[in-house]
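What you are looking at is a predicted structure, and each value in this text was computed from that prediction instead of being measured. Position 1 is the first residue of the sequence, and the numbers go up from there. Just so you know, these numbers use all the heavy atoms, side chains as well, and skip hydrogens, waters and symmetry mates.
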Amino acid sequence: MASSLLDLDDLIEFQLDRLKLEELSYKDELQLQRQLLDLDALQCPQRRHKPTPMAATKSANQQHQALQVPEASSCIDLPSSFMASGGGQEMATAAATGAIARTSSRKSRASANGVGGSVQNITNGSIEIAMEELGATGGGGAINLRNCHSFSDSEDDGLALDQQKEFRSLVIEWFQQLRARTEDFKSDEESRRMREAGNDSYRKERHALKACDLYTEAIFLAPSQDSIAAAMAHANRSTVLHDCGMYEQAYDDCLCALDLGYPEEYHPLIKLRQASCALKMRNFGLCEQHLHELLHMELSETFEARTHELWHECEVLKAEKIEMGVQTDNDLISNGTKIYEVAWLDNTNVITTTKSAYLRAITNIPNNTPIFQEEAAVFVPSGAARVCDHCGITQFVPFPCIFCSNRTAVYCSRKCRAAHASIHALECYAHQIELFEEFGVEFSKPRLLQLAFRMLINGLPQVVPHCRKKPTVSKMWSAFNSILTERNCNSSSTSLAASSTSYSALLRLESHLDKEEKPSMVSFAIVAHILAIYLGEYTDFFELLELTMPAAAKLTRQEWELLASALLLRHICQLRHKNLIHCPSFVLPADPHVLSPNDEFSLWETVRHVRRGYLHLIAGDVTTVAYAVFPQTLSHCRHSCADMIYRKINGCKLTAYATSDIPADACICNCFVSGNYRQSLYSHRKLELSSRGIDCKCDKCFRPYPDEDFHKFHRYRCDNPNCKQIFTPSNLKRTRNLQWWKSDYYRRPENNGSELLVCTVCDQTQKLEWFWTFTAALMDCDTIEERCKLYAAIERADAQLVDTHELKVALARQLVEQCLLIHREGSKQLDEWELNKLGSIMRSALHIVAAQHRVFSLEYVQHMSYFWDVMALSNYKCGDKELMQMLHALEFIPDEFKEIFINYYEDFIAPKFIEESYANILDTEV
């Protein structure tokens, strides 16, 4: 393997070449990882080098921590278990000095337990690696390593020396290459240009929301080395946010500007804005604090007058004793009575010795009743939308990490950024080199490995403080396995003291190690080893863990990496089972012709108030925006293709509602595949379930005709005049779930539907002339004549598509979406007749969506947004019962979107119904 340019596939092949898969045997994750670690110990001698000082690295660490958490002593939110041990004060000091993460490749250290220093020296492309002593692994004897001379890879003898390198050196070399080829899009000039564009938009165009987007872009483009550009952008954005009434975000922007070095001569302006924001937020003490600061500054007459004006307003409001109302969440049962329990089924797994648990109803649960609520133990954004890395919401003004080069880590507030600082500090350098994106190239789920990584760095600090005696890797691993067999957290065994932590719930999740194929398992083990090396070489994670342990209880670096890699491998296997939950939400349309990514500001009339006719763009697509793990409740649900619950995911919190009456003692089931029995074929569900290690035994799958309900949405009437029989097509090979209209192959003009649909009664190929007419007319329908062809094609489709055919919904959505685009941007808007026609078409489609996805689904609300836009633009109205059903559906979508939909209803829909406000409608029973 040539070392000039490495990738992940090279590293995996390097280890696989040294392993003998046919002879490889292991009983658990630890034994497999130990064999990988032993490859370096047995095949490559140890090399030592003189440590070099890393003063620049320490300085960079402190700067990173200071900028992410300006007031470290009060703001930083380390995992609670980090502070649980007797060395908590020492731990707090280390955290406050920013010792969590490094942006260099190696660090010099000489620890009291005798572990040798390690250095990576990069000079003219040469890389020198030193490896610490392995010491005892798993409590066994130390491995004796032969001495040899140091080496450096060169072009002359690179291939020969590559075979002698240990895996660690190749991994670190790969990290360095990732850093070198990671493109940094940040530019001071580009940031300044965006900031000036925002100034023009705010001052000349008077478009505050557009200016806010431009200032946000300027913040993302500002280089981390010169934070003045980011400070200026934060300050300018705070002005716009203040004028828009977003006072909390404006106040945070002021703090960011001051932290990033905002020019001192402009501090009175920032302090004045902070005082105004604090006053609007009714934080009178904070307002007075900033006013006191202003009085000690040299102010102009204007600023002094404004300061006294704010002081007077503060005193008046304090005298009035205005109390802010707090909205409470009434989703859950008010009396707090638990209506479910975790039951256990003795189903021992050969490798992990886990016991299967499931949720069981302990009383009769009526339909639509909230059953349980849980906050995700860990989650990661999917990359499909901008998601707060701490609370999981998607609609917010972003506060990014200024060091991350790919905009991955963003937060909705400084509070969330501070709360997540201890986790992000361990991931920041990985984001800078785009490490997790590299894993996504090799594996199907790009964020699965990052989620496993977070499971480890969130959970391991919770259990390490429970080590009271000198531990070994084997003893700690045995303790973790003993947690798996515990059915509750009330064990009296001292060895299971850690079972009371939330990490124990993650460890108990099923992993099905015995069902994984050996090549896949080894590949995941290699990746877990790479992540453990990253933790050891680029972060202080293991050092911080040791601070929470007794002085005598120390592990060597290699022992920590062995333990961490084994746990990572277990978490990866757990996520390949049903424990990985996809969190769906609304995202903007992916088609740039429908909405350009740079024109998002054009959707809004004011903050959280969408412009008339633009609501369908807010709910443009439904996709997975995050991956999460809910170990306490949802992971204990058994699978059923006829799921009993609907999952409302609000940020990182999940609430499960009953979709039907659930009798007492019944098992509570959830559908863990992408589509239930109404939305996907049995063969596709079975394939997806098999990949996740689930053997479905639900009633819908074990009936004689498992696709009976699905085929109700895919029935055709034969267009042969001599037949006219209703039929369902056989499984189409080039598309999923019979949705041939989504397949590029079947939509090619040269195919023209040839042998696409064949009647199972008369064996005649269907012509589908209405579909090809619709597709051709949709490309250019600016004129009323062309749109009439679309309306006629829809009517002809109704004759061949039987009852609740899914294609009717797809045609209606495409038609309404295109017509609304013409209404917004065309030379001539649609008249009342056309809008009423569109309303009737979309209204019929909504009934089909309700039958297939149910009214409390995101898909129903997504299509409902098209119908509401048509009603907002026309005189078209629906019935009161339908309106109440639509408003009730808003209770099951994320709260951030619920507010937007309610505002749109109050602005444009409610005026059509006399005195029918949102509150009045909900009080009326259907």
Could you tell me if the side chain of [Y] sits less than 4.5 Å from the side chain of [X], heavy atoms only?
X	Y	answer
M521	L569	yes
L535	I457	yes
R417	V410	no

Contacts of type side-chain hydrogen bond (donor to acceptor under 3.5 Å, both in side chains), residue [X], not counting sequence neighbours:
X	value
R454	D389, E427
S238	R273
Q395	none
S585	none

- Message: Determine whether the aromatic ring centres of residues H571 and Y503 are separated by less than 6.0 angstrom.
- Response: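 Yes, the ring centres sit under 6.0 Å apart.
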
Could you report the tightest heavy-atom contact between [X] and [Y], atom names first, then the distance?
X	Y	answer
L456	P461	O-CD, 3.9 Å
L562	L30	CG-CD1, 3.8 Å
F439	L531	CE1-CD2, 3.4 Å
L37	Q558	CD2-O, 4.0 Å
A452	L575	N-CD1, 3.6 Å
C412	C391	SG-SG, 3.6 Å

- Item | Residues in salt bridge (charged side-chain N to carboxylate O under 4.0 Å, His left out) contact with E517, at least two apart in sequence or another chain |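 For E517, no residue satisfies salt bridge (charged side-chain N to carboxylate O under 4.0 Å, His left out) once neighbours in sequence are set aside.
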
- Query: Step by step, would you call E29 with R34 a salt bridge (Lys or Arg N to Asp or Glu O under 4.0 Å)?
  - Reply: CA-CA 9 Å; E29 298 90 347; R34 182 177 283 127; over 6 Å; no

- Side-chain donor-acceptor pair present, E438, W174, cut-off under 3.5 Å: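 Looking only at side-chain atoms, W174 and E438 do not form any donor-acceptor pair under 3.5 Å.
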
- For L178 and E434, what are the C-alpha separation, side-chain angles and deciding distance, and is it a side-chain contact (heavy atoms from CB on, under 4.5 Å)? CA-CA 7 Å; L178 288 180; E434 299 182 359; over 6 Å; no

Gap between atom [atom2] of [Y] and atom [atom1] of [X] - 0.5 Å precision:
X	Y	atom1	atom2	answer
R237	Y215	CZ	OH	11.5 Å
H234	L258	NE2	CG	11.0 Å
L563	W477	CG	CH2	7.5 Å
R386	T394	CZ	OG1	11.0 Å
L221	T216	CG	OG1	11.0 Å
H529	L32	NE2	CG	11.0 Å

Do the charged groups of [X] and [Y] touch, with an N to O distance under 4.0 Å?
X	Y	result
E196	R193	no
E537	R557	yes
E437	R447	yes

Counting N and O atoms only, with roles assigned by atom type, does the side chain of [X] sit under 3.5 Å from a partner on the main chain of [Y], one being a donor and the other an acceptor?
X	Y	answer
E217	D213	no
D10	D7	yes
D252	R414	yes
S511	Q574	no
Q15	F167	no
Y627	L451	no

- Item | Test log, rule side-chain contact (heavy atoms from CB on, under 4.5 Å), inputs I530 and L8 | CA-CA 10 Å; I530 293 174; L8 181 61; 3.6 Å; yes

- Item | Worked check of side-chain contact (heavy atoms from CB on, under 4.5 Å) between Q33 and L36 | CA-CA 5 Å; Q33 291 292 1; L36 291 177; 3.5 Å; yes

- Message: Working note: Y538 + L426, criterion side-chain contact (heavy atoms from CB on, under 4.5 Å); need CA distance, chi angles, decisive distance, verdict.
- Response: CA-CA 8 Å; Y538 292 85; L426 301 172; over 6 Å; no

- Message: Taking side-chain contact (heavy atoms from CB on, under 4.5 Å) as the definition, give me every residue that meets it alongside K518, ordered by chain and number, with sequence neighbours left out.
- Response: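 Applying side-chain contact (heavy atoms from CB on, under 4.5 Å) to K518 gives L21, L24, Y26, V522.
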
- Query: Do the ring planes of Y411 and H424 sit parallel (below 30°), tilted (30 to 60°) or perpendicular (above 60°)?
  - Reply: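 Ring orientation, 0 to 90° scale: perpendicular.
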
